[in-house]
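Here is the structure we will look at, set down as structure tokens.
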2 protein chains.
Amino acid sequence: MKLVTRDTDYAVRALVYMAQQRGRLVTSREMVDELRIPRAFLRRILQQLGRHAVLKPIKGKMGGFVLSLPAEKIRLTDVMRIFQGSLEISECMFKKQVCPNRARCFLRKRIVSIEAYVVNQLRAISIASLLTEAR
Amino acid sequence: MKLVTRDTDYAVRALVYMAQQRGRLVTSREMVDELRIPRAFLRRILQQLGRHAVLKPIKGKMGGFVLSLPAEKIRLTDVMRIFQGSLEISECMFKKQVCPNRARCFLRKRIVSIEAYVVNQLRAISIASLLTEAR
DNA sequence: CAAAATGATATAAATATAGTATCATTTAAC
DNA sequence: GTTAAATGATACTATATTTATATCATTTTG
Ligand code: FES
Ligand code: FES
């Protein structure tokens with residue numbers, strides 16, 4: 001049971017690293033070396049973060065990435081949503097099909113209320129808050 | 001992000017159904033018909049519940065299953081553990097490998113504390129408590 | 001002994017996660 | 001203006017997990 005997948009985790013590591021650089025331009029190559037994340041995988045992750053405007057890509061030679069928001073404003077939930085889709089922990093067990101079980105679905109209601117708490121807690125985690133921990 | 005997998009869900013439905021029968025012997029065939037769960041799948045699920053002593057199998061013609069515990073004592077977490085293994089929501093992103101990232105793992109600590117709450121909430125859900133909802 | 005149940009277990013299919021690879025485009029420096 | 005070093009887009013592969021299915025053995029009642 002994994003709340004956070006590997007790409008979210010890698011993305012967070014990269015974002016924390018970038019935040020530590022205080023606005024310095026950082027290349028994917030540098031982060032691959034520093035963070036020991038598979039190259040092609042990290043590249044794709046950074047591209048996705050770029051598309052969602054979490055970081056600002058700078059193209060061409062001497063290019064790289066910078067955060068496009070202050071680290072306080074990047075929340076774990078934002079990152080999770082990019083890589084893991086909806087945060088519904090209470091996702092219907094028969095996703096995508098017409099659920100044949102609504103009537104007998106005793107569990108969902110219970111889980112929905114737990115979910116609210118979890119999402120709130122996750123939302124409270126920002127890159128900045130992880131940063132203070134990192135030093 | 002699914003907190004509960006399909007087999008756990010099926011198991012819970014079956015257990016709730018059995019609880020409703022107040023000790024009457026129930027066959028897998030009957031539950032397949034009532035609950036619309038794929039036959040072979042439900043059979044295997046019941047076997048697993050039997051192995052873990054959640055229900056008592058009665059072999060031979062006229063056989064079937066009965067709960068081996070009062071419905072109040074069967075907790076969702078028990079069922080989840082059978083079908084989903086550990087309840088660690090904070091499972092290391094690099095499970096099974098020697099984690100190459102402990103030093104940079106900022107997230108795990110945070111998630112561990114969320115996990116404690118979630119597991120407590122789930123533990124409070126018993127088959128009996130779902131039963132009252134079911135009517 | 002036959003029928004109706006469960007036990008054990010192997011296998012397959014579908015989906016999700018994790019990772020790779022390739023080629024195109026942009027930009028700076030020479 | 002060519003080359004090198006960066007990102008963009010996107011297709012592909014591999015692995016693991018989830019969701020089943022299928023088969024044969026064993027037990028028990030009538
Ligand atoms: S299984 Fe569909 S709503 Fe619960
Ligand atoms: S990634 Fe291994 S402990 Fe966090």
Side-chain angles (χ1 to χ4, degrees), chain A residues 1-11 14 18 25-33 35-66 68 80 82-86 91-97 100-101, chain B residues 1-11 14 18 25-33 35-66 68 80 82-86 91-97 100-101:
Chain A
M1 192 165 51
K2 239 177 315 180
L3 202 56
V4 165
T5 56
R6 205 115 124 200
D7 36 19
T8 297
D9 183 63
Y10 285 154
M18 292 177 68
L25 205 67
V26 180
T27 66
S28 63
R29 173 178 298 273
E30 176 181 348
M31 288 191 274
V32 163
D33 294 345
L35 307 175
R36 309 297 180 88
I37 297 173
R39 190 155 99 84
F41 201 10
L42 181 60
R43 284 245 298 133
R44 212 186 41 172
I45 286 168
L46 294 171
Q47 288 182 15
Q48 285 171 274
L49 289 171
R51 261 185 237 125
H52 287 86
V54 174
L55 42 74
K56 192 168 7 176
I58 304 202
K59 288 202 254 187
K61 193 169 178 176
M62 296 283 100
F65 300 91
V66 276
S68 55
M80 290 177 72
I82 292 172
F83 297 101
Q84 306 183 43
S86 148
E91 212 164 62
C92 172
M93 269 62 67
F94 294 88
K95 205 184 163 188
K96 282 177 195 165
Q97 307 163 34
N101 291 288
Chain B
M1 190 166 51
K2 238 178 315 179
L3 201 57
V4 165
T5 56
R6 204 116 123 201
D7 37 18
T8 298
D9 184 63
Y10 285 154
M18 291 177 68
L25 204 67
V26 180
T27 67
S28 63
R29 173 178 299 274
E30 176 182 347
M31 288 191 273
V32 163
D33 294 345
L35 306 175
R36 308 298 180 89
I37 296 173
R39 191 155 100 83
F41 201 10
L42 181 59
R43 284 246 297 133
R44 217 189 37 171
I45 286 168
L46 294 170
Q47 287 182 16
Q48 286 172 274
L49 289 171
R51 260 184 237 126
H52 288 86
V54 174
L55 42 75
K56 191 167 8 178
I58 301 193
K59 287 203 253 186
K61 192 170 178 174
M62 296 283 102
F65 300 92
V66 277
S68 56
M80 290 177 72
I82 293 171
F83 296 102
Q84 306 182 41
S86 148
E91 212 163 62
C92 172
M93 270 61 69
F94 294 87
K95 205 184 164 189
K96 283 177 194 166
Q97 306 162 36
N101 291 289

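Below, read A as the first sequence line, B as the second, and so on, with proteins coming before strands; counting in each chain starts at 1. In this text, all values refer to a predicted model and were calculated from it rather than measured experimentally.
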Between C1' of dT7(D) and CE of Met31(A), the distance in whole Å
11 Å
Kindly say if Ser28(B) contacts the phosphate of dT6(C), meaning a side-chain N or O under 4.0 Å from OP1 or OP2.
yes
When you check the phosphate oxygens OP1 and OP2 of dA5(C), does a side-chain N or O of Arg29(B) lie under 4.0 Å from one of them?
yes
With heavy-atom distances below 4.5 Å as the criterion, would you say the side chains of Ile37(A) and Met31(A) are in contact?
no
Does Tyr10(B) put a side-chain nitrogen or oxygen below 4.0 Å from OP1 or OP2 of dA20(D)?
yes
To the nearest Å, give me how far apart CZ (Arg39(A)) and C1' (dA21(C)) are.
10 Å
Between Lys2(A) and dT18(D), does any side-chain N or O lie under 4.0 Å from OP1 or OP2?
no
Ile58(A) CD1 to dG8(D) P: how many Å, rounded?
10 Å
Base dG7(C) paired with Arg51(B) side chain (donor-acceptor, <3.5 Å):
no
Of Gly60(B) and Arg43(A), whose closest DNA chain D nucleotide lies nearer the 5' terminus?
Arg43(A)
Once you round it to whole Å, what is the distance between P of dT15(C) and CD of Gln84(A)?
20 Å
Lys56(B) NZ to dT27(D) P: how many Å, rounded?
19 Å
Once rounded to the nearest 0.5 Å, what's the spacing between atom CG of Leu49(B) and atom CG of Leu55(B)?
5.0 Å
N/O donor-acceptor pair, side chain Arg44(B) with base dA20(D), under 3.5 angstrom
yes
Send over the distance from Phe41(B) CZ to dT9(C) P, rounded to a whole Å.
19 Å
Start at the 5' end of DNA chain C and walk down; is the nucleotide closest to Leu46(B) or to Leu42(A) reached first?
Leu46(B)
Using whole Å, report how far CZ of Arg36(A) lies from C1' of dG19(C).
18 Å
Taken to the nearest whole Å, NZ/Lys61(B) to C1'/dT27(D) is 13 Å
Between the CG atom in Leu25(A) and the NZ atom in Lys56(A), the distance rounded to the nearest 0.5 Å is 10.0 Å
Quick check: does any side chain N or O of Thr8(B) sit under 3.5 Å from a backbone N or O of Phe83(B), one acting as donor and the other as acceptor?
no
